[in-house]
Peer 1: 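My questions all concern the structure below.
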Amino acid sequence: MSNEVESAQVSDAMEVAQLSSLAAVDSHAGSCEAEMPSRLLNDAVRSLPYHVVKDLLSIGVCSRCVLRILGTEDHIYCHSSFSQSMLCSVLEEVTGFKSEGDFQFCSVCLGILQLSYRDDKETLVKMESPNDMALVIAELVKKEGHQIDGFSLEVSIPQFILENESSLLSGMKKRYESEPWLQERLLSKCVSVKDVLKFAITKPLETLLDTKASASSFRIRLAYTHKMAFGNSVERNQGFKRRKIGTENGLQNVNDESVVANKDCSDYPTNETIAVTGRSSLKVPIDKVSEPCHLVYLCYRTHIYLCARYLKYSRNVSQTRWIIDEERMGEASVEIQNARQVPSEETVKEIESKINGLENKLVGVKNLQVVGSQGWTLMREGEAEKQKQYCALVWISRPLEDEDVCSISLLNDMQILQKTPIRVLHRRSPLERKKIIHWMKIERIAESSQYFLLHLCTQAGTYIKEFVHGDFGRTQPSIGSILGCRAEILQLDATDVKMDSF
């Protein structure tokens with residue numbers, strides 16, 4: 001096909017420079033060390049049960065899957081310099097097995113460990129070594145302009161691969177159960193597809209990006225999908241409501257995505273069964289894989305959290321994003337998503353100065369700083385317990401008495417019950433909430449008998465307006481019910497927030 005390519009398309013200049021970087025590392029290691037991986041690979045292959053290797057190769061299992069399934073020591077097959085053709089050659093030379101016909105995608109990993117996939121343009125990409133994939137990823141990181149001091153590599157694969165592998169392992173257990181190598185290798189050392197891929201490309205990525213893989217906020221994600229996974233899952237589920245996968249029969253150290261199915265897992269319809277009868281041929285659930293997985297490369301940074309005390313100077317600014325019918329209401333809000341750079345201390349101070357210097361003077365901030373995810377956690381944990389202080393301008397339907405002022409001031413830590421206010425029912429769940437009014441005091445307004453300022457401290461999340469006018473009895477008690485008259489709130493300002501976490 002005209003749209004098929006044999007390797008990833010990268011710029012010549014970048015490829016030469018980056019390959020030179022990798023070559024320099026290999027050269028620095030010395031000629032003896034350069035030969036070491038090849039010798040280790042040959043030794044590892046010679047230690048394998050030849051007849052099992054031949055069985056697996058004959059049913060279309062790729063060389064890396066053969067080596068990982070059989071628990072090859074030290075994950076030597078993950079070495080970044082080993083091409084797929086090199087691994088095949090070593091296996092064929094040592095075992096005497098000769099592959100027939102054209103290239104086939106692996107019947108277990110669906111081409112993932114053969115470094116073959118369809119890209120976002122549906123072009124077939126076949127890479128020779130993990131270095132090639134590392135080059136593509138490094139180019140993407142630099143193209144998107146990410147500032148990094150480390151990276152976390154993530155791989156997601158179709159569930160169908162895990163099910164397929166589990167069925168194969170289950171069949172191998174039955175067929176070779178009397179052979180001594182089974183307990184030593186198959187049941188303890190099988191490595192998952194995603195871990196093999198991560199092992200293979202992490203070191204060249206570290207070299208190309210000049211940083212180490214770590215628990216970083218910058219993530220590189222390889223997301224694999226396959227159309228075959230959906231069709232087979234439907235067929236398999238027709239006869240089984242739930243498929244149980246476990247790690248029984250002494251299975252240990254097998255990654256949770258490479259677990260062996262229990263005995264019931266092999267009871268699929270005949271055309272999707274691992275046929276194991278005596279020494280009959282070993283089969284996998286699918287006869288032939290005509291298409292590899294679809295792969296999407298994603299580079300992104302997890303959220304950056306900025307913490308500050310904000311000051312809101314306008315009652316027209318919402319303190320949270322306000323969305324109605326998928327349309328954002330209000331004048332402004334802040335978010336930081338997939339940031340290309342991590343702000344320095346100087347940058348944060350500059351951001352604070354710019355906010356406070358805005359001409360519209362809607363908001364201000366103080367003590368702006370970058371905090372880790374634990375800052376968000378602390379804020380969420382303290383959200384329900386923090387106390388907020390308000391000042392409300394209130395009108396009542398009768399003159400205010402001295403007795404009213406006194407009775408209000410004596411109400412400390414008063415519990416109220418609030419149903420979701422009518423004014424927010426279109427965007428909030430209809431719930432009933434218990435809240436605490438910690439203290440209140442009334443400040444008289446000169447020459448006014450029916451207007452006063454109500455200062456109060458409440459548990460966060462209290463609907464203050466409804467606490468004043470009662471919301472047609474949906475808040476009990478309220479200022480109106482306490483004073484025995486109609487009460488209305490005319491203005492409301494938040495004056496302080498008290499939160500132990502900060």
Side-chain angles (χ1 to χ4, degrees), residues 8 56 61-72 74-80 82 84 87 105-119 125-127 129-134 136-138 140 150-169 186 188-206 212-216 218-230 232-233 245-247 251-261 284-285 289 291-300 302:
L56 293 173
V61 180
C62 73
S63 53
R64 278 195 173 88
C65 279
V66 169
L67 294 170
R68 73 179 180 85
I69 287 172
L70 293 179
T72 304
D74 299 325
H75 312 314
I76 187 64
Y77 50 90
C78 297
H79 198 278
S80 59
F82 288 160
Q84 184 68 20
L87 292 172
F105 299 111
C106 178
S107 55
V108 178
C109 71
L110 309 185
I112 291 178
L113 296 186
Q114 295 169 297
L115 308 178
S116 300
Y117 59 89
R118 291 278 181 187
D119 64 14
V125 180
K126 295 181 182 178
M127 297 180 174
S129 75
N131 286 342
D132 296 333
M133 181 169 280
V136 173
I137 296 171
L140 178 63
F151 66 91
S152 176
L153 182 61
E154 304 171 339
V155 177
S156 64
I157 63 175
Q159 178 67 25
F160 176 68
I161 290 179
L162 311 182
E163 297 173 355
N164 196 17
E165 180 180 292
S166 296
S167 297
L168 176 61
L169 293 174
L186 186 65
S188 63
K189 298 178 181 178
C190 179
V191 184
S192 72
V193 170
K194 65 167 58 177
D195 280 347
V196 171
L197 187 62
K198 290 169 72 173
F199 288 146
I201 63 178
T202 293
K203 286 189 176 180
L205 262 181
E206 289 180 333
K212 291 293 184 181
S214 61
S216 172
F218 177 69
R219 310 290 174 84
I220 299 171
R221 184 173 182 81
L222 310 184
Y224 288 92
T225 56
H226 200 286
K227 59 185 180 182
M228 186 175 292
F230 302 104
N232 280 278
S233 294
I245 295 179
T247 54
L251 293 179
Q252 296 176 354
N253 278 341
V254 180
N255 283 20
D256 57 353
E257 292 157 339
S258 302
V259 292
V260 178
V284 290
V289 180
E291 282 292 322
C293 290
H294 184 274
L295 172 61
V296 175
Y297 295 98
L298 298 171
C299 297
Y300 67 99
T302 54

Peer 1: Rounded to the nearest 0.5 Å, how far apart are CG of L153 and OG1 of T202?
Peer 2: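 Spacing of CG (L153) from OG1 (T202) equals 5.0 Å.
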
Peer 1: Does a side-chain heavy-atom distance below 4.5 Å link Y117 with M133?
Peer 2: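 Yes, close enough: below the 4.5 Å cut-off.
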
Peer 1: Looking only at heavy atoms, what is the nearest atom pair of N164 and V108, with distance?
Peer 2: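 Heavy-atom minimum between the residues: ND2-CA, 3.7 Å.
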
Peer 1: Looking only at non-hydrogen atoms, find the nearest pair between V289 and C106 and report the distance.
Peer 2: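 Closest pair (atom of V289, atom of C106, distance): CG2-O, 3.6 Å.
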
Peer 1: After noting the C-alpha distance and the side-chain angles of I161 and Y224, does the key distance pass the side chain to side chain contact (heavy atoms under 4.5 Å, CB included) rule?
Peer 2: CA-CA 11 Å; I161 290 179; Y224 288 92; over 6 Å; no

Peer 1: Please report the closest heavy-atom contact between I201 and A134, naming both atoms and the distance.
Peer 2: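 In terms of heavy atoms, the two residues are closest at O-CB, 4.3 Å.
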
Peer 1: Rounded to the nearest 0.5 Å, how far does CG of L162 lie from OG of S167?
Peer 2: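 Here the interatomic distance stands at 11.0 Å.
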
Peer 1: Counting C-beta onward and ignoring hydrogens, is there a side-chain heavy-atom pair between Q114 and P292 closer than 4.5 Å?
Peer 2: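 No - every pair of side-chain heavy atoms lies 4.5 Å or more apart.
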
Peer 1: For S214, enumerate each residue passing the side-chain contact (heavy atoms from CB on, under 4.5 Å) test, keeping only those at least two apart in sequence or located in another chain.
Peer 2: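 S214 satisfies side-chain contact (heavy atoms from CB on, under 4.5 Å) with S216 only.
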
Peer 1: Taking all non-hydrogen atoms of both residues, which atom of A138 and which atom of L205 are closest, and how far apart?
Peer 2: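 Result for this residue pair: N-CD2, 4.2 Å.
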
Peer 1: Do I112 and L222 come within less than 4.5 Å of each other through their side chains, counting heavy atoms only?
Peer 2: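 In short, these two side chains do not touch, never coming nearer than 4.5 Å.
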
Peer 1: Could you tell me the separation between the CD1 atom of I69 and the SG atom of C62, rounded to the nearest 0.5 Å?
Peer 2: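 Separation between the atoms: 8.0 Å.
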
Peer 1: Please tell me if the side chains of R68 and V193 come closer than 4.5 Å, counting only heavy atoms from C-beta onward.
Peer 2: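 Yes - at least one pair of side-chain heavy atoms lies under 4.5 Å apart.
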
Peer 1: For a side chain to side chain contact (heavy atoms under 4.5 Å, CB included) check, start with the C-alpha distance between V125 and L295, then their side-chain angles and the critical distance, and finish with the verdict.
Peer 2: CA-CA 10 Å; V125 180; L295 172 61; over 6 Å; no

Peer 1: Can any side-chain N or O of H294 pair as donor or acceptor with the backbone N or O of K227 at less than 3.5 Å?
Peer 2: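 Answer holds: no.
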
Peer 1: Of K194, R221, K198, which is the lone residue that meets salt bridge (charged side-chain N to carboxylate O under 4.0 Å, His left out) with E154?
Peer 2: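 Exactly one option meets the salt bridge (charged side-chain N to carboxylate O under 4.0 Å, His left out) with E154, and it is R221.
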
Peer 1: Can you give me the closest heavy-atom contact between L140 and C299, atom names plus distance?
Peer 2: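 For L140 versus C299, the nearest heavy atoms are CD2-SG, 3.7 Å.
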
Peer 1: Side chains of L197 and L115: does their closest heavy-atom pair fall under 4.5 Å?
Peer 2: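 Yes; the side chains approach each other to less than 4.5 Å.
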
Peer 1: The criterion is side-chain hydrogen bond (donor to acceptor under 3.5 Å, both in side chains); which residues satisfy it with S116, sequence neighbours excluded?
Peer 2: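 By the side-chain hydrogen bond (donor to acceptor under 3.5 Å, both in side chains) rule, S116 matches no residue at all.
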
Peer 1: Starting from the C-alpha separation in whole Å, work towards a yes-or-no answer on side chain to side chain contact (heavy atoms under 4.5 Å, CB included) for C109 and R64.
Peer 2: CA-CA 9 Å; C109 71; R64 278 195 173 88; over 6 Å; no

